[in-house]
Amino acid sequence: MESLFGDQDFFEKQSGNNFADVILPVPIPRMFTYKIPVAIRSQIQIGARVIVQFGKKKVLTGIIGKVHNKPPQAYEAKPILDVLDIQPSVNPLQIRFWVWMASYYCCHIGEVMHAALPSGLRLSSESKIQLNPNFDREESKYPLDFREEKILEALEKSEEITYEDCEKILGVKTIHPILKSLVAKEAILIFEKVQEKYTPKVETRLRLTKDIAESKTALEAVFEGIAGKPKQESILLKYLRDVPVFQKPQLNEKGVDKATLLEEGDSESSLKTLIKNGIFESFKLVVNRLGEEEPEKEASELSSTQQAALEEIKGHFESKSTVLLHGVTGSGKTEIYIKLIQEVLESGSQVLMLLPEIALTIQIVSRLKKVFGSQMGIYHSKYSDNERVEVWNGVLCGRFSFVVGVRSSIFLPFDSLGLIIVDEEHEPSYKQFDPAPRFHARDAATMLAYFHQAKTLLGSATPSFESYFNANQGKYGYVEINHRFGDASMPEFHLANLSADRKKNLLKLDSTRLMREKIQAALDKQEQVLIFQNRRGYSPYIQCEDCGWTGQCVQCDVSLTYHQFAEEMRCHYCGYKEKVPQSCPACGSTQLTTMGMGTERIEESLSLLFPEARMGRMDLDTTRNKYGYQRILDEFGAGQIDILVGTQMITKGLDFGKVTVVGIWDGDRILNFPDFRAGERAYQQITQVAGRAGRREAKGQVVIQSRDPENDLYEKVIKGDYFEFFRQEMIDRKKFYYPPYVKLVKITTRHSDFKIAEKAAHALHREMANIAAKKIVLGPEKGIIARIKNQYQFESLIKLDRNGNSQAVFKESLAKILEDLQSRPEFRSVRWIVDVDPS
DNA sequence: AGCACGCCGACT
DNA sequence: GTCGGCGTGCTC
């Protein structure tokens, strides 16, 4: 693989170079060398988008990664067909970042490009069909069959048609042979048409014609002219209400969007008449999809605690590039961020702020928008491709100097970052696990900051062990705030004993007496309740009471999850679904019951226990569409929901003073997860959920239901002594070689044949054991799920020394090993998936 | 990843 | 006989 990293001539503008190494969005571990035609040599720059032919017919958009003068030995390089950018879409810093990411996360640079570049910036190529100009129907020596005739007829009508058109014309799916035969008969030509995918948004706008807008008498005359035509009159009046043409003539210049002007009841024909009579004129305007908003510039004052924390952070930045801000929920971290962002922006640098996906739709964004207005870009995962391109270009041209976004916003084309903030840095959703690159946005962000010589601020109420460890080691600066803002008090914890209540027969629909009492008390005072249930490994399923049958996925070794609202059983791994059967497929019994306790079941139980309460539910099912999440939040905020049941999502961004009780339905479920991070996650989750209780005047109550209330993790959470918890957990982490003491690399071996998968996994194990380094190789073991999508899988775990250099050496050897194994005929169709720092 | 080429089953 | 299934090999 051609290495760009550390290559000295990399940034230099090259003049006499004949070849370019192009990054293409394909999962092949190398760049591709193309010839630079003399005609476009002056336009070739690192990071520019180019069009190249790849394979026999494919035309792809690539990025220039490197230019040089070494002709490839083994093949003839194809020419670059075109350069798309005058100013490169990608800057050299980004390419360094891509190269780093590919090597650190053991993936191909093309995969990084695929993740980084919005697909709207890639051109799409579509095969088009055209009549061959040299073809003469009469003189053709070859007879045409009726299908071929039909295609030619269509081509005589319109100049070019697509494959899809052909399929429609003939009503057949397989048109390729027909077209092939037509090409052979020299009747048609097939060519690739390349099109830019991004289309700017164009609005049709209307304004008064100049003569009328500039003269009151002209306008009066118009009114007289349309007297007795109420529809035209109403449109004109509405326009004048929105646009004071005489006070602010420049507003008439901009006009009004047609859709806004024509509301319900207004007829388009009246408007047409107005245009025809020269009163209105219509014109097209390119607008941006993201909307404009001017900042309100509220001057927010920091409390003395916040001010002190800010000074401390800045102090650490003098000597350290990364600072961990450990501030309890409600300590006002956002205000500190805002001050810091303002300062960096004023110094002329750019700022990136990362948020976990589910936190992005909420208050914090509108809060920031109010302060930063149109210089702030938002990069959301639910954005359409056109919207992504607009944010990308906004950063590129300097319109956005500050971006708030999800993990993929680390790929935006910043050229002078001064600060990256990673809020809720402990959130596991910062790690991407499928597809490659399987990067962690927090870790990648610190690397990105390093390339920019920028600072990184990690914020959390419950830091990840990795970050906390780094802070303890003095690698990161550490700033702690342990007061809630405005003296809101910390919540009061209660442990409700499930086993004891069951013995005493106090358990009703899986709720303890204490839980019911606390909920009832809140309802009596018209306060709100949040109930949390962990989703991971805790989904409801259908079981036969007579024979114990459960629905299994046909492609994966897992039980199907029951989804009540659709009466379906679904596989969470491959998406397979089937209707719930009427009777047991194994024994015919009709006694099928729901097992497990999903949010749906809890909601149902609670509405039986508290029939007068208004219930709401927030989970994947209810928030699947773009606005579902916001709608539930709005309803809850407006007090239209008394009890909200939900998964992880409810721990984010709910800041409503009326929540006084938070219930954790099954605390044990959070604790007993078979993972070395279980304790850490449990502490984080419980603390985060509890933080939603009583954020204003009333003291919050947190009820945790558990079969094992004696477990000392609860005690630690309740005490809130993070350091002590950390210290004890770390003893085990050290003893059993787990992060942050070591680095983990997980390799999954997959094949549809169990035997081959097993053999391949063992072969890999042997090879890895052979390479000398300070490391431990575990496995291979059958995956926790032995089969996914009909692929059997084995997992190996490698524990590496924290030392960065030996890691890099290992990863390089690993790449060689995998390439070698892959080339053996027996393992040709085996898939290997490398996950660095798995979550 | 696509996409072509190539060699075996079920249909007009 | 053909259509069309997906194994496997290649992409500068």
Side-chain angles (χ1 to χ4, degrees), chain A residues 1-4 17-37 40 44 48-83 102 106-117 119 122-127 145-148 163 167 170-181 183-184 190-192 194 434-438 555 750-753 756-757 760 789-791 818-834:
Chain A
M1 170 169 167
E2 291 88 332
S3 170
L4 291 170
N17 287 320
N18 293 313
F19 296 93
D21 290 345
V22 176
I23 305 168
L24 294 173
V26 288
I28 301 164
R30 75 192 89 108
M31 292 198 256
F32 296 85
T33 308
Y34 284 84
K35 235 180 346 215
I36 305 175
I40 58 170
I44 298 286
R49 291 180 299 155
V50 290
I51 299 286
V52 294
Q53 173 113 39
F54 185 69
K56 282 223 163 84
K57 57 179 287 197
K58 248 188 307 184
V59 177
L60 292 178
T61 306
I63 298 285
I64 302 279
K66 183 181 179 178
V67 283
H68 57 83
N69 222 338
K70 294 188 290 271
Q73 300 299 300
Y75 52 85
E76 177 75 14
K78 286 181 183 169
I80 290 173
L81 300 177
D82 207 355
V83 186
C106 299
C107 65
H108 314 315
I109 188 140
E111 292 173 315
V112 181
M113 173 185 170
H114 194 82
L117 204 67
S119 59
R122 297 199 299 265
L123 299 183
S124 61
S125 86
E126 198 179 11
S127 301
D145 72 15
F146 79 100
R147 292 200 266 199
E148 293 170 348
Y163 267 58
E167 285 171 13
L170 299 179
V172 214
K173 267 258 156 273
T174 53
I175 47 164
H176 200 70
I178 301 161
L179 295 176
K180 221 170 151 181
S181 138
V183 171
I190 298 178
F191 65 102
E192 293 293 310
V194 178
D434 220 23
R438 299 177 172 78
Q555 314 188 67
R750 278 195 192 157
H751 195 268
S752 52
D753 184 320
I756 294 176
K789 284 193 201 171
N790 281 331
Q791 300 268 309
L818 288 178
E819 203 178 325
D820 178 59
L821 288 174
Q822 197 83 75
S823 69
R824 294 194 206 165
E826 48 182 334
F827 298 147
R828 215 178 343 240
S829 48
V830 172
R831 282 260 295 139
W832 273 289
I833 296 144
V834 182

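Throughout, protein chains are lettered first and strands after them, A, B, ... in sequence-line order, and every chain is numbered starting at 1. Heavy-atom basis, side chains included; hydrogens, waters and symmetry copies ignored.
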task = Answer whether the closest heavy-atom distance between the side chains of R750(A) and I833(A) falls below 4.5 Å.
result = yes

note: I28(A), atom CD1; dC3(B), atom C1'; distance rounded to Å ~ 12 Å

Describe the nucleic acid contact of P72(A) in one word from base, sugar-phosphate, nothing, applying a heavy-atom distance below 4.0 Å.
nothing

Whole-Å distance, K58(A) NZ to dA1(B) P, equals 11 Å

| said: Please confirm whether the shortest side-chain N or O distance from K78(A) to OP1 or OP2 of dC12(C) is below 4.0 Å. | reply: yes

Rounded to whole Å, CD of Q53(A) lies from C1' of dT11(C) at a distance of 11 Å

Counting C-beta onward and ignoring hydrogens, is there a side-chain heavy-atom pair between R49(A) and R122(A) closer than 4.5 Å? no

Whole-Å distance, K66(A) NZ to dC12(C) P, equals 20 Å

Atom NZ of K70(A) and atom C1' of dC12(C) are separated, to the nearest Å, by 15 Å

Quick check: are there more than 12 heavy atoms from other residues, nucleotides or ligands sitting under 6.0 Å from NE2 of H114(A)? no

Rounded to whole Å, the OH-P distance (Y75(A) to dC10(C)) equals 15 Å

A20(A) meets the side chain to side chain contact (heavy atoms under 4.5 Å, CB included) criterion, sequence neighbours left out, with V22(A), I36(A), I64(A), V67(A), I80(A)

Write down the protein N/O and nucleotide N/O pairs, taken from nucleotides 6-9 of chain C, whose separation is under 3.5 Å; answer none if there are no such pairs.
| from | atom 1 | to | atom 2 | distance (Å) |
| --- | --- | --- | --- | --- |
| dG9(C) | OP1 | R828(A) | NH1 | 3.3 |
| dG9(C) | OP2 | R828(A) | NH1 | 3.3 |

Taken to the nearest whole Å, CG/L60(A) to P/dG2(B) is 9 Å

Item to check | Side-chain touch F32(A)/L60(A), heavy atoms, less than 4.5 angstrom | outcome: no

Student check: side-chain heavy atoms of V834(A) and C107(A) closer than 4.5 Å:
no

Test side chain to side chain donor-acceptor pair (under 3.5 Å), reference D21(A), set K70(A), R30(A), H68(A), K66(A), output is H68(A)

Atom CD of E76(A) and atom C1' of dT11(C) are separated, to the nearest Å, by 16 Å

Phosphate contact (dC12(C) OP1 or OP2) by Y34(A) side-chain N/O below 4.0 Å
yes

Per nearest nucleotide of DNA chain B, the residue lying toward the 5' end, R831(A) or K56(A), is R831(A)

